[in-house]
Amino acid sequence: MAFDYDLFVIGGGSGGVRAARIASGEHGAKVGLAEESRMGGTCVIRGCVPKKLMVFASAFPETFEEARSYGWDLGDALFDWSAFRTRLEAELDRLEGAYRNTLTNAGVTIHDTRATLVDPHRVRLASGEEFTARHILVATGGWPFVPEIPGKELAITSNEMFHLDELPQRALVVGGGFIASEFACILHGLGVEVCQYYRGAQILRGFDDEARGHVATAMQARGIQVHCGTDVMRLEKTHTGIRAIATDGTEREFDLVLYATGRRPNTRDLGLEALGLTLGRHGEIPVDRFSQTAVPSVHAVGDVTGRINLTPVAIREGHAFADTIFGGRATAFDHELVASAVFTQPELGSVGLTEEAAREQEPIEVYSTAFRPMKTAFAGKPDRVMMKLIVSQASRKVLGCHIVAPEAGEMIQLAAIAIRMGATKEDFDRTCAVHPTMSEELVTMRKPTRTA
Ligand SMILES: Cc1cc2nc3c(=O)[nH]c(=O)nc-3n(C[C@H](O)[C@H](O)[C@H](O)COP(=O)(O)OP(=O)(O)OC[C@H]3O[C@@H](n4cnc5c(N)ncnc54)[C@H](O)[C@@H]3O)c2cc1C
């Protein structure tokens, strides 16, 4: 049977764009791609990129404060949200254009519309037009999930954070994951009074306990009111803002309520169930290690599969899919030892096992240190940095590394290479320090803090 396309990709985000570009540009497949919103997807339009730019914007007040301790006279520093937002929007437009060009240069046909599946080899666009394809890749990502509480329509999600007309004076962030914690820090850095409610015992679930505690303490020390074990029961509109009635019995008023309580895969009404696919509990698409679903011609990559919801993972999955199907090279992305960063202030960088998970696996040694780094100590600030290595007693391999420090995201990327290569604690010890740095502590921790 002759198909209109070798590959039809639904979703122009991190995973879909990479898969389409490699399949077409490198392996010569005829590729169509449908994107219902803006090219680039969550990461570029409403995720990593605008978020990181806001992180940068929000970090300046601390820098100014430190600068004064170093002898600088800066006068009054004022932040102009609308000037920043205008530049931010221009940057996103530029990036969206770059993604579009990359695809067209690679020979991909772009359909700026929603697409759904009709059968294992057929997609339908919103216009009713249909295309057949030998393979279909679902890369539709995820969408913020807001629980059903009275007044939920008064809250915004991370999607709207980048379009605020003005900054609020008082904000409530609901949620304890990396997105909630990052936005709590961003808003605080921009001068907003921030309260964070999280129903669990500690924010940043899934990360190393000691590191989570360190970040939470640092956020609180900066003035963010982190309330764990607290959830919102209902939201009410008042004359002057939004009242949040919480499970701890408090009623407080805010100008902005941001719900960052998780994301759900974008699979609703895509036509997947009609193909005979059974979706996961939250709507995620089950796939094998080559990103193939139970319907052989249908594949899925990225957040929609609910494996590890990070941009570089979606990109690698998309690339591996294209190499497997069109490059004649069966390639499975290895989801082990994926490093990640939480861009709170201070940042948290993490790779490998947490102390809690490692303890369950085998006998370990833990090397952990917390200290006041030179730069902020000089400025008279109480900030402490945390570095931690989890080491296998048997193999001596470093099983995990967790860093809470300014630029921890940059540090963990490099530590991840060594750990991925199977570095032992003794390899770390043999590595000569770079002095004076914060990360030199990673190669100078001689005695285990504890064994388990
Ligand atoms: C606020 C925030 C901050 C984040 N920060 C980071 C970070 O710092 N680092 C990191 O690694 N990750 C971060 N992430 C996660 C990262 O953005 C995602 O993991 C990544 O974008 C997933 O890529 P994807 O290709 O699976 O999906 P997406 O990028 O979500 O792309 C899916 C695309 O499909 C389109 N689509 C959906 N349904 C259809 C349809 N039926 N027809 C046509 N098009 C459709 C959507 O419009 C979207 O453009 C962040 C996410 C958020 C929300």
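Start at 1 and go down the list; that is how both ligands and their atoms are numbered.
- Considering both main-chain and side-chain atoms, K51 comes within under 3.5 Å of ligand 1 through a nitrogen or oxygen pair.
- In terms of polar-atom proximity, P312 is not counted as a contact of ligand 1, lacking any N or O under 3.5 Å from an N or O of the ligand.
- Distances from atom 51 (C) of ligand 1 to the heavy atoms of V301, N309, T42, L33 put T42 nearest.
- Within the 4.0 Å heavy-atom cutoff, R263 counts among the residues contacting ligand 1.
- The residue among G15, A139, G11, C48 with a heavy atom at the shortest distance from atom 32 (C) of ligand 1 is A139.
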Go through Y5 and H135 one step at a time and tell me if the side chain to side chain contact (heavy atoms under 4.5 Å, CB included) criterion holds.
CA-CA 8 Å; Y5 289 110; H135 297 275; over 6 Å; no
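- Among protein heavy atoms, the minimum distance from atom 2 (C) of ligand 1 is reached at G47 CA, 3.5 Å.
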Is there a salt bridge (charged side-chain N to carboxylate O under 4.0 Å, His left out) between D165 and R85? Walk through the geometry before answering.
CA-CA 9 Å; D165 289 332; R85 206 191 59 181; 3.6 Å; yes
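- Under 3.5 Å, the side chains of R46 and S37 contain a donor-acceptor pair of N or O atoms.
- At least one heavy atom of T113 lies less than 4.0 angstrom from ligand 1.
- Taking 4.0 Å as the cut-off, M161 does not count as a neighbour of ligand 1 on heavy-atom distance.
- A salt bridge links E236 to R243: one of the charged nitrogens lies within less than 4.0 Å of a carboxylate oxygen.
- Within the structure, ligand 1 has I10 among the residues with a heavy atom less than 4.0 angstrom away.
- Comparing heavy-atom distances from atom 36 (N) of ligand 1 across R307, K52, E36 singles out E36 as nearest.
- Polar contact check, V304 against ligand 1: no nitrogen or oxygen pair lies under 3.5 Å apart.
- Salt-bridge formation is detected for the pair D93/R38: a Lys NZ or Arg NE/NH1/NH2 atom is positioned less than 4.0 Å from an Asp or Glu carboxylate oxygen.
- When only non-hydrogen protein atoms are considered, atom 18 (C) of ligand 1 lies nearest to D303 OD2, 3.2 Å.
- The aromatic rings of F3 and H121 are tilted relative to each other, their planes meeting at an angle between 30° and 60°.
- E35 OE1, 2.7 Å is the protein heavy atom nearest to atom 49 (O) of ligand 1.
- The single protein non-hydrogen atom nearest to atom 52 (C) of ligand 1 is I179 CD1, 3.5 Å, given as residue, atom name and distance.
- Distance CD/E89 to CZ/R94: 15.0 Å, rounded to 0.5 Å.
- When only non-hydrogen protein atoms are considered, atom 16 (C) of ligand 1 lies nearest to T311 OG1, 3.3 Å.
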